[in-house]
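Worksheet: one structure, shown below.
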Amino acid sequence: MAHKKIAGWQFTGQNGEFSLEQPDRSSFLYFPLVNEGGMMSSVTPQLHGQVTSGHNTFLTPPLSVEDLHNSRASRNFWVYIDGKGAWSAAGNSARQHAEAYSETADDSLLEAGLLWHKVTRENRQLGIKAEVTSLVPVGSDKVELMKVVLTNMGTGEILITPTAAIPLYARSADDLRDHRHVTSLLNRIYTLDYGVEVQPALSFDERGHRVNHTSYGVFGAEEDGALPVGFFPVQEEFIGEGGSLDWPEAVVWNAEPQSGRDGALHSEGYEALGGIRFASVPLLPGQSRSYVVVMVIGNDRIDVEELMGKYGSAAAFDAELTANKQFWADKVNTVSFHTGDDSADQWMKWVTLQPVLRRLYGNSFLPYHDYGRGGRGWRDLWQDCLALLIMEPEDVRSLLLNNYAGVRIDGSNATIIGQHPGEFIADRNNIPRVWMDHGAWPFMTTLLYLNQSGDLDFLLQEQTYFRDSFMSRCRERDSSWEPAAGSSLRTSAGEVYTGTILEHILLQNLVPFFNVGEHNNILLEGADWNDGLDMAAQRGESVTFTAFYGDNLYELSELLRTLKDRTGSGTLELAEEMLLLLDSLGESVDYASVSAKQERLNRYYAAAPNRVSGIRAELKLEQVADDLARKAEWIFSHLRSNEWVESVHGGGWFNGYYNNDGERVEGETAGGVRMTLTGQVFPLLGRAAAPEQIPHMIASVERNLFDAVIGYRLNSDFGGIQQNLGRAFGFAFGHKENGAMFSHMTVMYGNALYKRGYVREGYKVLDSLYSLSVNFELSRMYPGIPEYINEKGRGMYTYLTGSASWLLLTMVTEVFGVKGLLGDLLLAPKLVKEQFDAQGRASIKTLFAGRELEVVYTSTGSAEYGEYQIHGITLNGAVVTLQRVSEGVLIPRAVLQALPEGQVHELKVELA
Ligand code: G1P
């Protein structure tokens, strides 16, 4: 049978609310429900998904995205209708599955918003409707709530018997494959007044066999708080011999509950179920009855009275719903956009939420993220700060400061990040791996922070360094290191060493400069941004990140000059060993010589072998700046002359990589074109690409990477696995890191085009991302930006992606051109005419200098970028004297700081 055309979701309100008809007819859809207290849920239109507070504490069974339609173990809410049989308010019964494609299928409607999820489901034959609303309440409780409203839609009275049925997996994700049965023997199952609680006696997981305290519960109450009548606490008894969770005997036969409210230990050693039987009740036509279900993870036995006192009624649920909507709307609305396209503005609200979701979930605990064990990687730690700088700026300074404690003295960094800020953990699995890009991101994020805040003092703050058994970028082992010695770098005298943030940054960028391969580009090591380029650790080179480091060195040299001008201090102090890396201050290295660079780096490693002398050298800022500039210029000219790939079509592009056989990766061959988007993005983002090279790069991207169906691909088809480059090429072409439209790189490409003044081209890139994401027919995803779009056009790994941070940043700082310049506000809009509304207005509300600003651009002449200029500005109605700089107009920070806090200030900007 041909599929019906799918209408897709529609925005229905002003805070990103949307609705989708027949959500059952799209697979892989899931929605996040989360709070700052650590509850992390996901829910689907059939109430599938998972409920957890961490890798070792899953309330429901951990799952992967395929389980969303194939596993029967999900939240369920059953209604037995006398004379008519069993129906699932979640749409999750064998009968409803069997009827899915027929005329008798349920009608369903999904409505969702920040951050709540509601499915309305009606079965016309049975004359019953269920509205199920789910949320995770704001605050610190690890709780998920569900309210079910059942309505008699028929013409006669019906007698219903409701039963909530939520599998209580109650243990670590590891136990899914490792001793699932044996760990069920640990379960201690209690039936209490409102429901079922499981507290396993021990936990068997990587932490060892320990007494377990964590407790898991499912509780329920009627709308007025009335108690359930009994429970089904054991899964096998609920489903019956030969039964299953989607056709359980206890419901199908409308059996009596297996346990009363005895408040005692009910049983031990079985798979548990939050099976809650409510009293049978007659419903007149049009009459409704509501039930509240509370899922909870407690640190120890749960205080059920208190919990249900707080959440266990329809009124309490409704209050939590209101609080949720307010909390998340406030969070997201710290930045909001108004353009000529209201849907695009609403969509941006979901993109704005995504970095917060990533802060809360890390890269785990949503169905596609079936590999994560919690936490985030080093790269993501820094990039997520980009968005936080815009959304939650007050917390960022300490975050950044803490993160620098992860840097090693060899310029690499810890890769296992602890729970608490600034906590980095030595890798006990002993997998020596260095991602060569890791050193590049911190400075980019810090520079944004410095520009937004003007807080140059930050650079001079002191921080420790990380130390474990790895040294010389994991090429050597420090056999003298013991975990007991702690993970802070020490001096030869045994004292914990601290250095300035500036010193950390310099190290991260200086070491790679010398760490080059045979073509004099920086070694690829374990991989770069593309985690999948992991098979070229010996001879592979990342040309594109060489460009990134080159630009960092350039920016650093400029920053040192600024530091000199602003602070009046002409010197800085650095660990004396670092002088070796600032070669032009002493014994210069011939940068054209690979062996000379390697030799110098080895000398440095030998001088700082997982410890430092503790002596600092005082250096002239000017001289250090010159050294850095010299290195940057060397990289730029090296790349421009050696890594430019000529095309037979004229022009060309930048080669991005060398493989483990020392071969250049990109180019046109008889076998086809090999090109990466990554290879272009970093030379464009900084200064490595010369202005005259840019149009050629754009043309090559359009020719080799643009695909009408899926947009800008990450790479062209290399035609097979590349054992000398990385696992990514084992993925089928058009998927994930092999030739999909990988949003993160595409957004960075867009950002780079805007930065380089190619605004129309940048707009095309961002617009393609938006159009692909909202094309529901193909993308089958809710509003937001996916990690990637696969070769069919489906949006994958929804919600948790670094691309959201970059998109938000690009919209604020490039498209709307609202950005900091060492603390002052720079207005440099790059809006194109489609982005203005019918009145010629486009506006953004955002935070700057601790003030809420609404920047309203009004175009009185041409609204096309390049044809307008800032003509005049008023601040709360008063004319602002225009202080023009090369990029746009500057408003001194002091002007903004003089404004009262806690209200929105209007900056009207006339463009003509
Ligand atoms: C993910 C990772 C990111 C990595 C990228 C490419 O992208 O989180 O660190 O650079 O894959 O391998 P994301 O999901 O953030 O878009």
Side-chain angles (χ1 to χ4, degrees), residues 32 65 351 353-388 403 406 413 415-417 433-442 444-445 524-536 542 544-545 548 656-657 676-679 681-682 685 711-715 722 725-731 735-751 769 772-773 781 784-790 795-810:
V65 71
V351 173
L353 175 72
Q354 286 182 249
V356 181
L357 295 178
R358 180 120 119 179
R359 173 164 69 71
L360 297 172
Y361 287 92
N363 276 333
S364 314
F365 310 123
L366 287 183
Y368 274 115
H369 299 79
D370 52 8
Y371 43 81
R373 302 173 67 87
R376 275 179 301 167
W378 176 264
R379 181 185 307 124
D380 302 338
L381 202 63
W382 294 92
Q383 291 193 78
D384 294 353
C385 283
L386 295 173
L388 299 182
N403 289 350
N413 49 267
T415 49
I416 306 183
I417 293 147
R433 187 167 174 195
V434 176
W435 280 262
M436 67 81 71
D437 66 311
H438 279 185
W441 303 103
M444 169 179 266
T445 305
L524 182 57
E525 300 175 287
D528 67 1
W529 168 89
N530 189 337
D531 289 324
L533 300 186
D534 55 355
M535 295 165 83
S542 175
T544 194
F545 273 86
F548 192 162
Y657 296 94
T676 68
L677 186 60
T678 320
V681 165
F682 297 102
L685 206 50
Y712 293 88
R713 289 182 185 273
L714 186 58
N715 51 270
Q722 309 290 315
L725 196 51
R727 66 156 195 258
F729 294 94
F731 301 153
H735 296 266
K736 226 169 185 300
E737 281 107 333
N738 185 17
M741 191 294 290
F742 206 96
S743 302
H744 196 182
M745 198 47 68
T746 306
V747 186
M748 288 195 276
Y749 178 54
N751 182 289
L769 274 162
L772 289 162
S773 306
M781 59 176 285
I785 183 173
E787 180 188 83
Y788 70 95
I789 296 274
N790 77 9
M796 307 292 291
Y797 292 69
T798 46
Y799 295 108
L800 307 181
T801 158
S803 55
S805 280
W806 270 85
L807 182 51
L808 182 65
L809 181 77
T810 306

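Just so you know, ligand 1 is whichever comes first in the structure, and atom 1 is the first atom listed for that ligand. Basis for what follows: all heavy atoms, side chains included, without hydrogens, waters or symmetry-related copies.
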Heavy-atom distances under 4.0 Å are what count here, so tell me which part of Q383 touches ligand 1: side chain, backbone, both or neither. neither
Does M745 come within less than 4.0 angstrom of ligand 1, counting non-hydrogen atoms of the residue? no
Kindly indicate, with the supporting measurements, whether the criterion side chain to side chain contact (heavy atoms under 4.5 Å, CB included) is fulfilled by F682 and M748. CA-CA 9 Å; F682 297 102; M748 288 195 276; 4.1 Å; yes
Applying a 4.0 Å heavy-atom criterion (strictly less than), which segment of R358 is in contact with ligand 1: side chain, backbone, both, or neither? side chain
Do T544 side-chain atoms and G656 backbone N/O form a donor-acceptor pair below 3.5 Å? no
In terms of atom number and element, which parts of ligand 1 are under 4.0 angstrom from non-hydrogen atoms of N363? 8 (O)
Once ring-ring contact (aromatic ring centres under 6.0 Å, His included) is applied, do any residues pair with Y799, and if so which ones, sequence neighbours excluded? none
Compare every heavy atom of R379 with every heavy atom of W435, then report the nearest pair and how far apart it is. CD1-NH2, 3.3 Å
So is H744 polar-close to ligand 1, meaning N/O to N/O under 3.5 Å? no
What atoms of ligand 1 come within less than 4.0 Å of a heavy atom belonging to L800? 14 (O)
Mind jotting down which residue pairs meet the salt bridge (Lys or Arg N to Asp or Glu O under 4.0 Å) criterion with at least one end in residues 357-368? Sequence neighbours excluded, please. E36-R359, R358-D380, R358-D384, R359-E392
Out of all atoms in ligand 1, which are within 4.0 Å of some heavy atom of E737? Include the element for each. 6 (C), 11 (O), 12 (O)
For ligand 1, is any non-hydrogen atom under 4.0 Å from F742's backbone (N, CA, C, O), its side chain (CB onward), both, or neither? side chain
If we number the atoms of ligand 1 from 1 as shown, the ones under 4.0 Å from a heavy atom of G802 are 13 (P), 15 (O), 16 (O)
Charged N to carboxylate O under 4.0 angstrom, K736 versus E787? yes
Nearest non-hydrogen contact with atom 9 (O) of ligand 1 belongs to which option: N530, D531, D380? D380
